[in-house]
Each structure stands twice: as structure tokens, then as C-alpha cells.
There are 2 protein chains.
Amino acid sequence: MNSLEQQSWQSVHDEVLRRIHTREWKPGDLIPKEVELAEQLGCARATVNRALRELASEGFLDRRRKAGTRVAAHPVRRAKLDIPVIRLEIEGRGQKYAYGLLFSERRTPPPEICANLGVTAESDMLHITSLHLADGKPFMFEDRWVSIAATPTILDADLEKISANEWLVLHAPYTRGDIYFSAVNASAAEAKVLRTDPGTSLFLMERTTWENQTGITSARLLFAPGYRKHSAI
Amino acid sequence: MNSLEQQSWQSVHDEVLRRIHTREWKPGDLIPKEVELAEQLGCARATVNRALRELASEGFLDRRRKAGTRVAAHPVRRAKLDIPVIRLEIEGRGQKYAYGLLFSERRTPPPEICANLGVTAESDMLHITSLHLADGKPFMFEDRWVSIAATPTILDADLEKISANEWLVLHAPYTRGDIYFSAVNASAAEAKVLRTDPGTSLFLMERTTWENQTGITSARLLFAPGYRKHSAI
DNA sequence: TAGTGGTCTAGACCACAGA
DNA sequence: CTGTGGTCTAGACCACTAG
């Protein structure tokens with residue numbers, strides 16, 4: 001299988017993946033060291049390194065100094081999940097986006113928000129609820145708390161025109177975020193806003209983001225019935 | 001901000017990220033080219049390249065030959081979602097894993113499975129339903145179709161002992177997969193299996209995987225009430 | 001067609017963890 | 001200690017694409 005032609009790190013990547021898929025190298029097996037592979041495949045070690053590094057980050061390989069590189073025993077595959085601004089997600093479906101601010105209030109947060117963001121109950125926060133629509137139909141209901149200490153300029157934003165979701169993406173980059181996906185039965189109020197029936201199963205996304213150690217915002221995003229979030233591996 | 005000390009690609013990564021976060025470089029801005037940055041930061045271009053490449057894959061930068069590198073206008077953040085074997089997910093929570101095969105049958109697939117996998121209605125497939133338990137309680141109900149043409153050896157697997165989920169991970173590596181997350185109301189049958197009430201909102205994960213162009217398996221994973229899938233950015 | 005990122009190389013040194 | 005991966009470098013050529 002050796003070749004004398006010019007190789008790229010992707011060729012190496014694919015070749016190694018092929019050997020894993022054909023079970024030439026089985027889960028748990030030790031594979032040749034970088035120098036050997038480079039020789040076998042006729043390329044520089046750096047090239048092999050790049051390929052193996054990618055494969056490790058994709059979950060196919062376990063690499064440890066001195067111990068060498070092994071085929072992962074339990075390939076924990078890592079899916080990629082794009083988190084775009086809601087507007088772009090809707091427009092990406094070829095639908096018309098609209099947005100309405102339902103409610104905005106400056107106040108101290110309830111206990112669960114304090115717990116999420118790690119702030120005190122006396123924090124100065126903005127509480128915003130809004131509705132995002134696709135082709136005129138309710139698409140997602142957003143219930144968000146924003147720390148004013150962390151992003152004071154949000155008070156100047158016109159949240160009638162730009163959603164908090166989008167404003168934050170543009171003005172408050174975060175360093176770290178948590179997302180939880182789950183399913184809940186619609187409450188009476190939620191059903192009314194999303195124009196569905198109470199008890200209907202709804203897809204819920206809860207996001208909290210931080211800038212370093214400072215909590216910025218915590219949001220509860222409730223999607224209209226039928227929503228499916230896609231991800232690829 | 002320049003320094004004479006030894007730099008690593010991570011320092012460059014962090015420094016660029018800092019400039020983005022402090023809005024020294026704003027969304028849409030063109031940033032210095034690799035050679036210039038390398039000079040400024042006192043390292044080799046390859047080092048800068050590695051840093052910027054990572055930042056681009058994280059969604060912070062847009063890079064195009066000749067056009068240069070820009071701060072992403074709409075940072076589509078890419079969350080990492082680990083897709084482990086169910087057993088490991090449960091054991092990772094410190095709970096005891098158990099598994100029961102409910103049903104197994106060799107037959108031709110229904111239309112929706114054909115559509116998912118891109119196979120014909122006459123395909124030879126294995127249809128398996130099973131229940132995964134955590135600490136003795138129903139955790140996830142799995143309804144899976146496996147292409148026998150793609151993975152003939154699954155007929156030799158003892159699916160009473162090892163779940164199809166785990167067997168496939170070990171024996172049928174895939175090159176590509178789709179995942180859809182959604183929320184559904186429990187049917188009467190589903191409620192009974194998961195020991196909950198009909199209509200309860202359940203988290204649903206639908207996965208289809210391919211080896212190159214060949215469909216391997218399509219599964220419907222229905223989680224017990226209260227399940228939350230976590231992801232981090 | 002010229003400018004920018006994408007990649008490759010050969011060699012070097014370092015850092016970590018096995019034995 | 002020693003072997004392995006992790007990273008850096010300087011230089012080179014290539015590939016894509018904006019102007």
C-alpha cells in the first residue's frame with residue numbers, strides 16, 4: 001500500500017481510518033509510531049502528526065507520550081453542533097424571520113438563575129421574554145436573563161428591533177457555554193404563546209454562557225412543536 | 001504586547017481571542033495576515049497558522065485565500081457533543097447499567113427506514129428493540145434497524161448480552177452519521193415500556209449512520225422523562 | 001495575475017510518562 | 001532514564017481567488 005507519490009495529511013488521515021475500518025487495526029491495538037508511519041507512507045513526521053492529531057480529536061485514537069498511539073477502545077464520537085443566531089437558522093431554512101419583544105424588566109433574579117450563573121440574589125439583571133417567528137408562525141419562545149454588570153451596554157440596545165439573542169452574539173462574546181437539551185410538556189402559558197395545546201411535547205434548549213468566570217446570560221429557549229435539531233458526525 | 005519569550009500556538013490563539021473579546025478586532029474586521037502576526041508576536045508563520053486555523057474551526061474567524069482573515073460576522077459557535085455508548089453514559093453518571101433485549105426480527109424495512117438509509121424495500125434487515133436501564137429504572141428505549149448486507153456478522157452477535165448499540169460501535173465503524181434531536185409525546189406503548197404516562201414529553205434522538213455510501217443502521221432512541229443531554233462550547 | 005492562506009519538509013528541542 | 005508524542009522553525013512550493 002506504500003506509495004511514492006506526494007501525500008497530504010488527509011491521505012494519511014484517510015489511510016489510517018481505512019485500516020481502522022477494515023479492522024486491520026482493531027480497538028485497543030497499538031499502531032506504529034509517527035516516525036515509522038512517516039517512513040511507510042513516505043512523508044514527513046509533521047504530516048503524520050497532523051493526521052493522527054485530527055483522528056485523536058475525532059475520537060478514533062488515544063495518544064499518550066511514551067505509551068504510543070492506540071485505536072480507541074470505545075470510540076466516543078464527537079458530533080458537531082452548530083449554534084447559530086436564531087434569525088440565521090430560520091433564514092437558512094428559507095423562511096421569513098420575524099421577532100417580537102414580549103416583556104422586558106430590570107430586576108433581581110430568581111434562585112434558579114442565580115444558581116446557573118453563579119451570581120447573588122441581589123444582582124442587577126435584565127429579564128427579557130420574546131418570540132421568534134418563521135413565516136409568521138411561532139418558532140421559538142425565549143426567556144432570558146442578562147447580567148447588567150457583565151454587559152452594561154445592553155441597556156442601550158433597542159430590544160424591540162434586535163433580539164437579545166442576536167445582540168449578545170454581536171456584543172458580548174463568551175469564552176465558555178453550557179447547553180442542555182431536553183423535552184418538556186407545554187404549560188398553559190407556553191402553549192398559548194406558541195399557539196399549541198397545553199401538554200404538547202416541546203423541545204427545550206437551556207444555555208448559559210460565561211466570559212471567563214463571569215456569568216453573562218442564561219436563557220431558556222422553547223421551540224414550537226415539530227422542531228428538530230440536526231447534528232452531523 | 002509583543003514579547004520576546006518563547007511562544008506556543010496556544011498563546012497566539014489566546015491573544016487573538018483576547019483581541020476579539022476586547023473588540024480591538026470587531027466582527028467583520030480584517031485582521032493582519034499570517035506573516036505580519038508572526039512578526040508582531042515573534043514566532044514562525046506555521047505557529048500563527050495553527051492558532052488561526054483552530055480559531056476558524058471554532059467559528060471565530062473566516063479565512064479565505066487572497067481575501068485574508070476576518071473576524072466572523074456572525075460567530076456560529078460549534079458545540080461539542082460527545083456521543084458515547086449508552087452503557088458508558090449511564091456508568092459515567094455513577095449508576096448501574098442494565099440492558100434487556102425486547103424483540104428481534106429479520107425482515108424487510110418499512111418505508112421510513114428505507115428513506116433514512118437509502119435502501120430498497122426488499123432489503124434484508126434486522127429489527128431490534130431493547131431497553132437500557134439505569135439503577136434498575138428504564139433509561140432509554142431503543143428501536144433499531146440494521147442492514148444485514150452492510151454488517152452480516154451482526155447475525156452472530158448475542159444481542160441478549162451486548163446491546164446492538166455497543167456491538168455496532170465495536171464492530172461497525174461508520175464514516176458519517178446524522179443525528180436529530182426532538183421532543184415527542186409518549187404513545188401508550190412507549191409509556192408502558194418506559195414506565196411513565198402516555199402523553200409525557202420525551203426526548204428523542206434519531207441516528208442514522210453510513211459507511212461511505214452504504215447505510216448501516218438507523219435508530220430511534222427514546223429517553224425516559226427528565227433526561228437532559230449536555231453539551232459545552 | 002498577484003496575494004493570501006494551505007501544506008509540506010527536515011531538523012531540532014522539549015515534556016511527559018513508562019519501565 | 002528513555003522513548004514517544006508535542007511543538008517550533010525557516011524555508012519552500014502550491015492552490016485558490018479577488019481584483
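All chains are named by letter (A, B, ...) in the order of the sequence lines, taking the proteins before the strands, and each is independently numbered beginning at 1. These numbers were taken from a predicted model, which means no experiment stands behind them.
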[X] vs [Y] aromatic rings, parallel, tilted or perpendicular, using cut-offs 30° and 60°?
| X | Y | value |
| --- | --- | --- |
| A:His132 | A:Tyr99 | tilted |
| A:Trp167 | A:His171 | parallel |
| B:Phe139 | B:Phe223 | perpendicular |

To the nearest angstrom, how far is [X] atom [atom1] from [N] atom [atom2]?
| X | N | atom1 | atom2 | answer |
| --- | --- | --- | --- | --- |
| B:His13 | D:dT7 | NE2 | C1' | 16 Å |
| B:Arg50 | D:dT9 | CZ | P | 13 Å |
| B:Arg63 | C:dT7 | CZ | C1' | 12 Å |
| B:Glu34 | D:dC14 | CD | P | 18 Å |
| A:Leu30 | D:dG3 | CG | P | 15 Å |
| A:Asp62 | C:dG18 | CG | C1' | 16 Å |
| A:Leu37 | D:dG3 | CG | C1' | 16 Å |
| A:Trp9 | C:dG5 | CH2 | P | 19 Å |

| Pair assignment for D:dG19, Watson-Crick or G-U wobble, requiring both distances under 3.5 Å | none
Check this one for me: any side-chain N or O of [X] less than 4.0 Å away from OP1 or OP2 of [N]?
| X | N | result |
| --- | --- | --- |
| B:Thr47 | D:dT7 | no |
| B:Thr69 | C:dG5 | yes |
| B:Lys33 | C:dT4 | yes |
| B:Ser8 | D:dG6 | no |

| task | For the pair A:Asp178 (side chain) and B:Ala232 (backbone), establish whether a donor and an acceptor sit closer than 3.5 Å, ignoring hydrogens and angles. | result |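 Checked: no pair found.
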| said: Distance check, rounded to the nearest 0.5 Å: B:Leu204 atom CG versus B:Met140 atom CE? | reply: 10.5 Å
| query | Relative to the 5' end of DNA chain D, which residue comes earlier, A:Lys66 or A:Asn49, by the nucleotide with the nearest heavy atom? | reply |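 It is A:Lys66, whose closest nucleotide lies nearer the 5' terminus.
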| Which residue lies toward the 5' end of DNA chain D, A:Gly68 or B:Ala44, if each is placed at its nearest nucleotide? |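 Looking at DNA chain D, the more 5' nearest nucleotide goes with A:Gly68.
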Would you mind classifying the nucleic acid contact of [X] as base, sugar-phosphate or nothing, using non-hydrogen atoms under 4.0 angstrom?
| X | value |
| --- | --- |
| B:Ala46 | base |
| B:Arg64 | sugar-phosphate |
| A:Arg45 | base |

| said: On DNA chain C, does the nearest nucleotide to A:Arg65 precede the nearest nucleotide to A:Gln10 from the 5' side, or the other way round? Give the residue. | reply: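 Checking each residue's closest nucleotide, the 5'-ward one belongs to A:Gln10.
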